[in-house]
Structure formats: C-alpha cells, structure tokens
There are 2 protein chains.
Amino acid sequence: MDTITTSVHSHHTSKCNCEDCFINLIASQHLAPMICDKLYNSKKEAKFKQGDTLVEEGKNIDRFLYIKEGLIKVSQMTDKNENRIISIARPHDNITLLSFFSSEKYLYTITALEDSVACSFPYQLMLDVIKSEKEFAFGILNMISFASSKVINNFVKLSSRNLRGRIAFIILDFADNIYKTDSFDLPLSRKEIAELIGMTVENVIRILSEFKKDGIINIDGKSIDIVDRQKLQLISNFG
Amino acid sequence: MDTITTSVHSHHTSKCNCEDCFINLIASQHLAPMICDKLYNSKKEAKFKQGDTLVEEGKNIDRFLYIKEGLIKVSQMTDKNENRIISIARPHDNITLLSFFSSEKYLYTITALEDSVACSFPYQLMLDVIKSEKEFAFGILNMISFASSKVINNFVKLSSRNLRGRIAFIILDFADNIYKTDSFDLPLSRKEIAELIGMTVENVIRILSEFKKDGIINIDGKSIDIVDRQKLQLISNFG
DNA sequence: TTGATTTATTGATATATATCATATATGTTT
DNA sequence: AAACATATATGATATATATCAATAAATCAA
C-alpha cells in the first residue's frame with residue numbers, strides 16, 4: 001500500500017506542462033511569477049500502482065491531488081461499513097476537490113484502478129493561493145460545482161434503474177465517456193462494479209453472464225465487447 | 001404556481017438582518033460600504049405558499065436564493081422522467097448553491113413544503129461580488145462543499161439500507177435534525193417520501209403502517225410520533 | 001353541497017434481488 | 001508443486017420490492 005506522502009516511487013518537481021490542468025492554466029496565466037514559482041516548486045508528481053491507495057478517508061488532508069495519468073476510484077465507507085464507490089476519476093480530475101473545503105479530513109478514499117500518475121500540492125499553500133487569488137477561487141468553485149453535480153446526477157440515474165439497467169448504464173458509460181470504444185478492458189472487479197452501482201457481486205456476475213448469453217455483450221474476464229449496442233441502450237433506458 | 005420573479009406576494013427590499021445568513025455576515029463585515037449597499041438594495045424577499053415552485057430545473061438562473069423561513073425540497077427529474085428529491089432545505093440554506101456555478105440553468109427544481117420566505121439576489125451581481133471579493137468566494141466554496149457532501153452522504157446512507165431502514169432513517173432524520181422533537185407533522189406526502197428515498201408509494205405506506213402496528217411509531221395522517229425510538233434506531237442501523 | 005380529482009390504504013401477486021451453498025478458476029506465497 | 005487465498009461463476013431458495021387492483025379518505029373546484 002502506497003500513499004502520496006510515503007511514496008517510494010520516483011517523484012520529482014518540475015514545471016507543470018499539462019495543457020488541460022486547470023491549476024496550471026490559471027497559475028501560468030494569472031499568478032504573479034513569485035507565487036507561481038512557489039506553487040510549481042511545491043508540486044510533487046507520484047506514480048501509483050494499480051490498487052495503491054492515494055488518499056484515505058478520515059485522514060487529515062495534506063495535499064491537493066490532480067490525476068495526470070491513469071484511472072482512479074473515489075469511494076466512501078457507508079455507515080454500515082460497506083464500501084461505496086462515488087465516482088470514477090480520470091486524467092485532469094482534481095480528485096480531492098470534494099473533500100478540500102468541507103472538513104480537515106479527506107471524505108473519500110482514493111484508489112488507483114490502473115497504474116496512475118498524480119500531481120499534488122500542499123494543502124496550506126493551495127489554500128493560501130485560493131484565498132488570495134480570485135481567479136483561482138472562482139475556477140475552483142466551477143470545478144467543485146461541476147464535480148458534485150456529476151456525482152449527484154449519477155446517483156439519481158442509478159437509483160432510477162433496476163440492476164440490469166444499471167449494468168447496461170455503466171458499461172455504456174465506460175464505453176462512451178472513458179474509453180471511447182466498444183471494446184475495452186473493464187478496470188473494475190465484479191465486486192467493484194457492485195460497489196459502484198449498489199448491488200451484490202453475485203448479481204453483477206449473473207447479469208453480465210446473461211448479457212453475454214443474450215448476445216448483447218461479449219465478456220471474457222475483464223475484456224468486454226459491446227456486441228448489440230442498441231439493445232444495451234434499450235436496457236439502460238428502460239431497465 | 002408561483003415563481004420568485006412573478007411573485008405577487010409582498011416583497012420589499014430591506015437591510016438584511018438574519019444573523020445566521022452567511023451572505024449578510026460576510027457582506028456586513030468585509031464588503032466596502034458601496035458594494036454592500038448595492039447588494040442589500042438588490043435583495044428581494046418573497047413569500048411562498050406550500051406547494052409553490054421557487055425555481056424550476058432547466059430555467060435560466062436569474063437569482064441566488066436563501067431560505068429565511070420555512071421548509072423546502074430540492075428535486076431533480078431522473079432521465080426516466082421520475083422525480084427524485086435530492087435534499088430538504090431549511091432556513092439559512094442557500095438553496096441555489098449547487099446550481100449556481102456549474103451551468104447557466106438551474107439543475108434542480110425547488111419547491112416549498114411549507115409556507116416559506118426566501119431572500120434572493122440577482123445572478124449577475126452575486127457573481128460579480130463573488131468574483132471580486134475573496135472572502136465571499138472562499139465562504140461560498142466552503143458552503144458548496146458542505147452542501148454537496150451532505151447530499152452525497154445521504155445517497156450513500158440511503159443506498160446501503162433496505163426500505164424499512166430507509167424509512168426509519170428519514171423519520172429519525174426529521175426528528176433529530178429538523179424538528180428536534182419526537183412528535184411532529186410530516187412535511188412530505190407519502191409520494192414525496194417515496195421520491196426522497198427511492199421506493200414506491202405503496203411500500204412507504206405499508207411500512208409506515210407496519211411501524212405503527214408494531215408500536216414503533218404513531219402516525220395519523222401527517223402527524224407522527226416516535227414511540228419506540230430505540231427500536232426505530234435499530235431498524236435504521238441494521239435494516 | 002355535489003362531483004371530481006388526488007392522496008392514502010390494503011391485499012394479492014409477480015418480479016427482482018439477496019442470500020446461501022458450492023464449484024471452478026486464478027493468482028500468490030511458501 | 002503444494003497450499004492458500006481470492007475472484008469468478010452458477011444454481012436453489014428465501015426475501016424484498018414492485019406492480020396491479022380495488023377501496024377509502026381527503027382535498028379541491030364548481
């Protein structure tokens with residue numbers, strides 16, 4: 001288990017060069033050179049192996065994390081001690097955003113689904129910059145708003161579907177929004193799918209098998225193929 | 001149907017005097033007198049009758065709303081055209097917060113559950129102040145973060161419970177967090193309870209009747225009494 | 001007041017989902 | 001390789017939940 005502070009992987013400080021990184025964008029355009037340098041110099045870049053924990057729910061917030069490469073899950077313990085996946089995050093997502101301003105502790109556990117690279121900035125410095133730079137604060141407002149409505153939206157959509165509908169929905173979600181192709185490797189175990197859509201592992205497996213038997217998808221281990229997209233869409237829409 | 005812009009009820013501009021209003025707090029403490037006046041002068045206070053719509057999902061955002069008195073529901077249409085209640089808002093809640101920065105349209109429909117009073121500020125002015133005043137922006141960040149994590153938390157908690165558990169959970173929630181007493185009038189119809197916790201009306205009614213028969217609650221129409229709080233808590237915790 | 005419409009209620013039944021049991025496969029440690 | 005753990009898979013069954021149908025009660029409009 002690897003966390004960003006104890007990472008043994010190579011991490012080096014370097015000027016930011018991610019074009020789609022909001023932090024970089026605002027910093028380079030609006031920050032005074034001194035502050036900008038300070039921010040860039042405080043940046044840590046860390047590699048994570050699949051399964052590594054980047055951030056643990058309940059721990060004190062010490063850094064502001066940005067996903068540079070890879071795929072990440074954000075999850076929370078229910079009050080009944082089950083794990084619930086809140087969202088799947090991808091490059092350019094600021095994954096600690098939803099925790100950062102509502103408490104001093106991380107609200108969610110963040111785990112690498114693939115080998116991933118994350119940039120991070122120290123909590124206090126980030127806070128200082130946000131407090132002193134209008135553009136930063138406003139941009140963060142937009143991002144946090146967007147991120148939270150996405151999560152809420154997802155819950156609303158999932159909760160209006162039965163299990164077949166949910167499975168169809170998330171398969172299409174992965175295909176359309178993450179991989180942009182109908183053939184991909186599922187980044188989640190069956191158990192994680194269950195935690196993402198709120199059902200039991202057995203039923204996830206069962207429904208995936210049914211979809212396969214019915215010629216809607218092809219699935220072999222983690223590799224998945226959408227065979228009959230129209231039918232899958234129907235199940236997602238009406239199931 | 002009444003909306004804030006077309007309201008025929010008395011609304012008058014006056015200095016803000018709500019002690020727990022964040023807008024008022026920051027404005028009076030940190031804003032330059034001119035800006036503060038401008039903000040206060042732009043304030044509208046409007047009364048709403050139970051059932052009135054304050055804000056409609058999909059409409060252009062024109063004002064920033066604050067609940068002064070009453071009880072409010074915030075809801076969203078699912079993509080299957082069912083209504084889902086996202087949260088119940090009370091005095092001092094800034095109910096348009098979750099919409100305000102993520103799009104130009106309201107994301108949620110906002111409806112009065114009781115006769116209520118709402119203050120509001122014009123969209124553009126509010127945006128200008130937030131963009132120009134650091135304290136404002138940061139305070140808003142905290143609020144939005146808090147609000148969204150509350151909504152998400154609620155979804156997580158509900159989704160880990162079966163229907164009896166959900167009903168027990170929301171009864172306790174109303175008693176503990178809204179009315180601070182074990183006897184109160186349910187502000188929601190059976191249908192709205194169903195929309196709040198994601199189940200059918202029939203089952204809401206059935207379970208409420210069961211709870212009554214089992215001596216856990218007393219319910220007569222909308223009036224509700226918690227009789228056996230311990231048992232209700234058990235159902236909420238383990239159901 | 002009446003009639004009409006929505007809301008609340010209950011029961012019977014079908015369906016969806018979870019649970020339990022067991023088996024196979026896969027991967028990991030020794 | 002053996003032993004162990006974990007993930008995947010399938011079937012049987014119990015349970016939870018939705019659906020359908022039919023009333024009753026409450027609310028609203030004329």
Side-chain angles (χ1 to χ4, degrees), chain A residues 1 49-51 73 78 80 82-85 111 113 158-171 185-214 217-224 235-236 238-239, chain B residues 1 49-52 73 78 80 82-85 111 113-115 158-169 171 185-214 217-224 235-236 238-239:
Chain A
M1 197 85 86
K49 289 271 171 211
Q50 183 180 39
K73 67 171 174 178
T78 71
K80 300 171 80 176
E82 293 155 348
N83 208 45
R84 174 79 197 216
I85 297 177
T111 314
L113 292 171
L158 284 177
S159 76
S160 73
R161 286 168 162 75
N162 66 21
L163 299 197
R164 285 170 62 89
R166 291 183 199 180
I167 296 269
F169 177 76
I170 61 119
I171 290 176
D185 278 351
L186 215 49
L188 303 169
S189 70
R190 309 296 194 252
K191 176 138 181 292
E192 285 171 319
I193 297 177
E195 289 171 352
L196 177 63
I197 64 184
M199 57 190 288
T200 57
V201 198
E202 293 97 322
N203 278 328
V204 170
I205 292 167
R206 217 183 304 272
I207 290 171
L208 285 174
S209 300
E210 279 175 31
F211 282 2
K212 184 180 182 176
K213 206 180 56 196
D214 296 347
I217 62 170
N218 224 328
I219 186 161
D220 179 27
K222 304 242 164 191
S223 123
I224 199 168
I235 295 172
S236 169
F238 299 105
Chain B
M1 196 85 88
K49 289 271 170 211
Q50 182 181 40
D52 284 350
K73 67 172 175 178
T78 72
K80 299 172 82 178
E82 293 154 351
N83 208 45
R84 174 78 198 216
I85 297 177
T111 314
L113 292 171
E114 303 171 350
D115 292 358
L158 284 177
S159 76
S160 73
R161 286 168 162 75
N162 65 20
L163 299 197
R164 286 170 61 88
R166 290 183 199 181
I167 295 269
F169 177 77
I171 291 176
D185 278 350
L186 216 48
L188 303 170
S189 70
R190 309 295 194 252
K191 176 137 181 292
E192 285 171 320
I193 297 177
E195 289 172 352
L196 177 63
I197 64 185
M199 58 191 288
T200 58
V201 199
E202 294 96 322
N203 278 328
V204 170
I205 292 166
R206 220 184 303 273
I207 290 170
L208 285 173
S209 301
E210 279 175 31
F211 282 2
K212 183 179 182 177
K213 207 180 55 195
D214 296 348
I217 62 169
N218 224 330
I219 187 163
D220 178 28
K222 304 243 165 191
S223 123
I224 199 168
I235 296 172
S236 169
F238 299 106

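Chain naming here is simple, since letters A, B, ... match the order of the sequence lines and numbering starts at 1 in each. The shown structure was predicted, so the numbers you read here are calculated from the model rather than taken from an experiment. What's counted below: heavy atoms across the whole structure, side chains too, no hydrogens, waters or symmetry copies.
Regarding A:L186, its CG atom lies at a distance of 13 Å from the C1' atom of D:dA7, rounded to whole Å. Atom C1' of nucleotide C:dA18 and atom CD1 of A:I207 are separated by 12 Å, given to the nearest angstrom. If you take NZ of B:K191 and P of D:dA25, they are 23 Å apart, rounded to a whole angstrom. Here the C1' atom of nucleotide D:dA16 and the CD atom of B:E202 are 15 Å apart, to the nearest Å. In this structure, CD of B:E210 is placed 15 Å from P of D:dT15, rounded to the nearest angstrom. The separation between A:F238 atom CZ and C:dA16 atom C1' is 20 Å, rounded to whole Å. Between the C1' atom of C:dT24 and the CZ atom of A:R190 lies a distance of 14 Å, rounded to the nearest Å. Atom-to-atom, CG of B:N203 to C1' of C:dA8 comes out at 14 Å; the value is rounded to the nearest Å.
Around atom NZ of A:K191, no more than 12 heavy atoms belonging to other residues, nucleotides or ligands sit under 6.0 Å away.
Ranking D:dA18, D:dT8, C:dA8 by closeness to the B:S189 side chain, first place goes to C:dA8.
The side-chain contact (heavy atoms from CB on, under 4.5 Å) test with B:E195 singles out one residue from B:L188, B:V204, B:I85, and that residue is B:I85.
Heavy atoms of A:I205 sit under 4.0 angstrom from at least one base atom.
Proximity of A:S209 to the phosphate of D:dT10: a side-chain N or O atom is located under 4.0 Å from OP1 or OP2. An OP1 or OP2 oxygen of D:dA16 is reached within less than 4.0 angstrom by no side-chain nitrogen or oxygen of B:N162.
Taking every heavy atom of both residues into account, A:D214 and A:R164 meet most closely at OD2-NH2, 4.4 Å.
Comparing A:K222 and A:R206, the nucleotide of DNA chain D nearest to each residue sits closer to the 5' end for A:K222.
For B:R166 (side chain) and B:R161 (main-chain N/O), a donor-acceptor pair under 3.5 Å exists by modelled atom type.
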